[in-house]
Amino acid sequence: MSRGRPPYLQTAGNPPFIDRHYPKAAELLRSWDGEEELTGTTLIGVPISKPSISHSGASFTPGVVRKLLQSYSTYAVEDEVDLRESANLMDAGDIYMHATDIKESYRRMEETVASLLAGNKECVPLFIGGDHSITFSTLSGMSQVKQGKIGVIQFDAHHDLRNTDDGGPTNGTPFRRLLEAGVLQGDHLVQIGIRNYSNSSYYHQYAKENGVKVFTMGDLKNNGIADVIRESVDHLRGKVEYLYLSIDIDVLDQAFAPGCPAIGPGGMTSDQLLEAIYLLGKEDKVCGLDIVEIDPTIDFRDMTSRVAVHCLLEFLRGRGSKR
């Protein structure tokens with residue numbers, strides 16, 4: 001009798017049903033062996049949520065996003081494009097966090113990003129958080145390696161410019177910390193989706209005084225997402241050598257993001273966000289992105305994590321359209 005694997009005993013984690021004519025998005029993902037040079041988009045999990053102002057299980061998101069890649073195909077029907085023909089997506093794994101020391105976790109993030117990019121100059125990291133505090137560390141790490149200035153296009157309901165005196169470094173402080181550390185200049189930061197009753201006058205004035213370009217939800221409604229993205233890129237063009245995208249999922253209306261710790265009405269639709277990410281995927285200067293503030297423990301049928309998956313796929317579609 002054969003001692004090999006029985007034909008119907010499949011590896012754990014494999015999809016329960018396979019259609020030979022329906023390639024899954026998970027097939028785009030290839031595990032990095034630590035040796036091969038990373039020359040394109042690379043998934044990196046950043047599982048931390050302890051610095052969150054509100055209760056959050058965002059540290060579980062990287063695993064959920066990887067799992068959900070099994071739920072979608074590689075085919076964009078509107079363009080009749082199969083991402084397998086243009087996309088290269090490596091999986092570098094998750095950054096290992098300290099169990100109790102948050103500042104040590106921040107240090108590990110920054111060190112990992114700097115080390116990874118130093119040895120892989122063409123790597124375009126796609127960070128899956130985690131809460132929004134990760135952006136300080138990811139950008140700080142990138143700035144150590146990138147020769148040139150990095151501009152940021154931030155999708156968010158909040159300015160995330162809170163002071164650190166009242167609570168230390170949290171998910172509400174990353175861009176304040178980046179500005180104060182000199183990693184990012186105020187006029188190199190564009191914020192899209194800022195909305196009523198999610199900010200204070202003090203922090204709104206701080207943004208304006210520091211030259212931050214702010215597009216409120218009112219601006220999106222009046223001008224449309226395509227024009228806002230065009231104006232954002234034009235604002236940064238000539239000022240910076242690189243663009244980094246920071247996608248806080250609470251930019252979405254609560255109807256589209258039930259698994260977000262800071263839900264609220266009056267936000268973007270998922271369609272607006274996906275169009276924005278597709279358009280930005282076409283930009284040559286984009287050197288990386290993060291997707292943050294998703295809590296799978298309070299989500300409904302993984303609705304919010306599914307938006308994150310589609311953001312990744314639309315970014316890849318945008319990059320592929322340049323070829």
Side-chain angles (χ1 to χ4, degrees), residues 43-65 93-114 116 125-144 152 154-184 189 191 193-194 198-200 202-203 206-207 244-252 257 259-264 288-299 304-305 308:
L43 197 68
I44 302 173
V46 193
I48 187 171
S49 50
K50 290 179 180 178
S52 179
I53 292 173
S54 53
H55 172 76
S56 175
S59 57
F60 297 107
T61 306
V64 174
V65 166
D94 293 349
I95 299 174
Y96 183 66
M97 302 298 169
H98 193 281
T100 58
D101 190 335
I102 293 173
K103 290 185 178 180
E104 168 61 15
S105 292
Y106 288 152
R107 189 197 65 77
R108 292 181 183 184
M109 292 180 227
E110 183 174 339
E111 178 184 302
T112 300
V113 173
L116 190 72
L126 311 179
F127 300 106
I128 306 299
D131 64 50
H132 215 162
S133 70
I134 73 168
T135 307
F136 175 81
S137 298
T138 57
L139 265 181
S140 295
M142 294 185 84
S143 68
Q144 295 177 30
V152 176
Q154 170 193 356
F155 294 88
D156 209 321
H158 311 92
H159 289 299
D160 283 358
L161 295 168
R162 291 177 184 261
N163 75 85
T164 56
D165 294 333
D166 291 331
T170 68
N171 60 339
T173 66
F175 295 100
R176 177 68 166 265
R177 296 174 65 208
L178 286 165
L179 294 178
E180 291 181 346
V183 175
L184 179 66
L189 173 60
Q191 299 184 326
I194 302 298
S198 294
N199 301 277
S200 71
Y202 178 88
Y203 292 119
Y206 180 92
Y244 180 90
L245 314 180
S246 188
I247 307 162
D248 186 327
I249 215 71
D250 70 25
V251 75
L252 294 177
C260 174
I263 61 172
L289 63 77
D290 63 49
I291 304 176
V292 296
E293 297 295 338
I294 299 173
D295 182 352
T297 69
I298 59 173
D299 208 0
T304 317
S305 294

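Keep in mind that this is a model prediction, so the values were computed, not measured.
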- Does the side chain of Asp290 come within less than 4.5 Å of Ile128's, by heavy atoms? no
- Of Asn199, Asp250, Asn171, the residue whose pairing with His158 passes side-chain hydrogen bond (donor to acceptor under 3.5 Å, both in side chains): Asp250
- Which pairs with one or both residues in residues 157-168 pass salt bridge (charged side-chain N to carboxylate O under 4.0 Å, His left out), sequence neighbours excluded? none
- Message: Holding to salt bridge (charged side-chain N to carboxylate O under 4.0 Å, His left out), I want the full list of residues that pass it with Asp94, two or more places apart in sequence or in another chain.
- Response: Arg66
- Query: Can you check side-chain contact (heavy atoms from CB on, under 4.5 Å) on Leu178 and Ser140, steps first, answer last?
  - Reply: CA-CA 8 Å; Leu178 286 165; Ser140 295; 4.0 Å; yes
- Query: If every non-hydrogen atom of Glu293 is compared with every non-hydrogen atom of Asp131, which pair is closest and at what distance?
  - Reply: OE2-CB, 3.2 Å
- Item | Any Met97 side-chain heavy atom under 4.5 Å of Pro47 side chain | yes
- Message: Would you say CZ of Phe60 has more than 12 non-hydrogen atoms from neighbouring residues, nucleotides or ligands within 6.0 angstrom?
- Response: no
- Using distance alone, with no hydrogens and no angle criterion, decide if Thr304 and Asp299 have a side-chain donor and acceptor under 3.5 Å apart. yes
- Item | Pairwise side-chain contact, Val292 with Phe127, heavy-atom cut-off 4.5 Å (strictly under) | no
- Query: Would the His132 and Phe175 ring centres measure less than 6.0 Å apart?
  - Reply: yes
- Minimum side-chain heavy-atom gap Pro51-Tyr106 below 4.5 Å: yes
- Message: Just to verify, what does Glu104 make a salt bridge (charged side-chain N to carboxylate O under 4.0 Å, His left out) with, not counting sequence neighbours?
- Response: Arg107, Arg108
- Message: With heavy-atom distances below 4.5 Å as the criterion, would you say the side chains of Phe155 and Gln191 are in contact?
- Response: no
- Side chain to side chain, Val113 and Ser137, heavy atoms closer than 4.5 Å: no
- Message: Checking the side chain of Ser52 only, and the main-chain atoms of Ser49 only, is there a donor and an acceptor separated by less than 3.5 Å?
- Response: no
- Distance-only side-chain donor-acceptor flag, Thr112 / Tyr96, under 3.5 Å: no
